[in-house]
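So that we are looking at the same thing, I have put the structure below in structure tokens.
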Amino acid sequence: MKEDIVDPVLEIHDLTVSYSRKPVLWDIDFSLPKGCIAGIIGPNGAGKSTLIKTIMGVIPSSSGYIKIFDQTLNAVRSRVSYVPQRESVDWDFPASVLDVVLMGRYGKLGLFKNTNKQDKRIALECLEKVGLQDYTKRQISQLSGGQQQRVFLARALAQEADLYLMDEPFAGVDAATEKAIIEILREMANKNKTIIVVHHDLQSVVNYFDWVILINMRLVASGPTQKVFNNKLIQEAYGGKLTLLTEIGNILEERQIPPREK
Amino acid sequence: MIAFWIILTGSLVAISCGLLGSFLILRKMSMIGDAISHAVLPGIVIAFLLSGNREPLSMLLGAGFFGLLSTFIIEYLHQKAKLQTDAAIGVTFTLLFAVGIILISVFTGKVDIDQDCVLYGEIAYVPIDLWILDDGTIMGPRPIYILSTVLVLIVLFITIGYKHLKIGTFDPAFATAIGIPTVLWHYLLMGAVSITTVASFESVGSILVVAFLIGPPATAYLLTDDLKKMLIITCILGVLISFFGYWLAYWLNASIAGCMTVLLGVFFTIVFIFAPNTGILAKKLKSNKNAISI
Ligand SMILES: Nc1ncnc2c1ncn2[C@@H]1O[C@H](COP(=O)(O)OP(=O)(O)OP(=O)(O)O)[C@@H](O)[C@H]1O
Ligand SMILES: [Mg+2]
């Protein structure tokens, strides 16, 4: 099922994506309202990272179109921010925490301009938001996994965008940090920014997200969490891994979420 | 004066190669320099056959073209045929090198050229490879002019492209996402490597080129965790090695390129053992201290 909305931030129409002509995503068709925190949920290999990379233009699509703020990506690139999966880069790269966060400002600079005081001030503010103000000079390989994740988050914040796409920002992050990050995201959503998060922990979905996009190579469902995050659709997305699903059913019951859409 | 010209040549090559090599090793492509230095052979032969002389500009163009071609083939094999980068590099450069050898053997007699003069340019001959004007004025060694031009181009390329090269090396997906043309920068870098290796090994030989592409950056990488400092240390190391390498060769009456390469190895080993943070001695001391404090 799919929710139709007016004036969407992100609109994806009939999207197909393939790696060397083998389709890994098809029938992707959904829209997203402004100011929501949306979770992209699906099993490993479902194409969650692929979807985000395609939205960001890192991977080309084979058919369909994507509109952001009712425009093409190129027209609004500076308003869109991206957090890649942490394992996608080599953390032994010779750079400090501040260097990496400053990279968030590069999109706004041309080829010839350098980061200035203002950029640095913004970067430091973002580091403070994620609680890394004492680590600005630290080499990035000397950080824990969770701290590296927060560096990526700070870099995304430094982009000062209106739409954020985050690939598993909670992977390897401890509970306290996860809570701090979700607080930051909430605050941003309240300021009418839209945040899309690839997420694996089904237990926290109901608490974290206003909107859920269930995918498994094709779109299973997209809509407000209470409407689409139910047993039947989760089962459809995860393809009958029963033990897991009973567990989810129990969780849903515990939280007294209506298991079926109204 | 001989010493001066040779040390200057070594330094020019070392700095150009080191600056590019720093980005290559961070991109895990350090062997691309070796590959390119072999893959350009057909280009040199073809340029020679077409122009009929050993004029450096046409050679550089031919070689540069094949250098770029080889990086395209490597990218293609890697992206489309899903070959590992190192395998793609290996297949490509052996193939192109073989083509070059065949061309040479087919056209022997017509071609006053052999692998030796292509691959094993000799730095000791730099001072006698003079550029003489039509009126007889001696302008100094010809390679110095070529290598200085290359160095200026490379320094310009790195300073202008620094931000984009840095982010494209660290996090290509993010760089693409914020609108930086990472693919273009990749090919620009490969083009720069092609031109530099070709221009350099014509005068100093391929071994020294490959050594300067990898040695100083790898050593500098152990000494610092800041990319800018890594580039600066690489340049300083290159000059030091050229200087001491020449005098070592002079003193031992040995091959200059050989002595410079050996010195590189010595520098790297010293740093590898004694570097303040990353050296094995520092690590050992640290773990001992921990053991004691426990
Ligand atoms: N570079 C690639 N070349 C070919 N196939 C790929 C490539 N990257 C991913 N795939 C395939 O595309 C499918 C989707 O991968 P993707 O990384 O988008 O999954 P995901 O939902 O992010 O998984 P995870 O939860 O493990 O991060 C998988 O079947 C994967 O094997
Ligand atoms: Mg993924």
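What you see below is based on every heavy atom in this structure, not just the backbone, and it leaves out hydrogens, waters and symmetry mates. In what follows, chains carry the letters A, B, and so on, assigned in the order in which the sequence lines appear, proteins first and then strands, with residues in each chain numbered from 1.
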### Message
Quick check for you: among B:Ile180, B:Thr176, B:Leu227, which has the greatest number of heavy-atom pairs under 4.5 Å with chain A?
### Response
B:Leu227

#### Entry: Most contacts with chain B, counted as non-hydrogen pairs under 4.5 angstrom, among A:Val80, A:Val89, A:Ile55, A:Asp99
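So the answer, after comparing A:Val80, A:Val89, A:Ile55, A:Asp99, is A:Val89.
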
### Query
Does any heavy atom of chain A fall under 4.5 Å from the side chain of B:Lys166, the backbone, both, or neither of them?
both

### Query
Where on A:Ile140 is there a heavy atom nearer than 4.5 Å to chain B: the side chain, the backbone, both, or neither?
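For A:Ile140, the side chain is the part near chain B, not the backbone.
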
### Task
Quick one: which of A:Met103, A:Gln139, A:Lys53 has the most heavy-atom pairs under 4.5 Å with chain B, could you say?
A:Met103

### Message
Quick one: does any side-chain atom of A:Arg86 pair with a main-chain N or O of A:Pro169 as donor and acceptor, under 3.5 Å?
### Response
no

### Query
Heavy-atom distance under 4.5 Å to chain B: side chain of A:Val100, backbone, both or neither?
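Looking at A:Val100, just its side chain touches chain B.
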
### Task
Verify, without hydrogens or angle tests, whether A:Trp91 (side chain) and A:Gly145 (backbone) share a donor-acceptor contact under 3.5 angstrom.
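No: the side chain of A:Trp91 does not pair with the backbone of A:Gly145.
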
### Query
Where on A:Lys113 is there a heavy atom nearer than 4.5 Å to chain B: the side chain, the backbone, both, or neither?
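Backbone of A:Lys113 only, per the 4.5 Å heavy-atom cut-off to chain B.
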
### Query
From A:Tyr164 OH over to A:Ile37 CD1, what is the distance, rounded to the nearest 0.5 angstrom?
12.5 Å

### Task
Let me know which of A:Lys191, A:Arg105, A:Arg79 forms a salt bridge (charged side-chain N to carboxylate O under 4.0 Å, His left out) with A:Glu160.
A:Arg105

### Query
Yes or no on side chain to side chain donor-acceptor pair (under 3.5 Å) for A:Ser62 and A:Ser18, after CA distance, side-chain angles and deciding distance?
CA-CA 7 Å; A:Ser62 354; A:Ser18 329; 2.9 Å; yes

### Task
Give, as side chain, backbone, both or neither, the part of A:Tyr19 having an atom under 4.5 angstrom from any heavy atom of chain B.
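No part of A:Tyr19 comes within 4.5 Å of chain B.
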
#### Entry: Side chain / backbone / both / neither for B:Tyr162 at chain A, heavy atoms under 4.5 Å
neither

### Message
Please classify the contact of A:Asn74 with chain B as side chain, backbone, both or neither, using a heavy-atom distance under 4.5 Å.
### Response
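Neither part.
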
### Query
Taking A:Asn216 for the side chain and A:Ala46 for the main chain, is one N or O donor matched with an acceptor at less than 3.5 Å?
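Not confirmed, A:Asn216 side chain does not pair with A:Ala46 backbone.
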
### N-O pairing of A:Glu125 and A:Lys129 below 4.0 Å
no

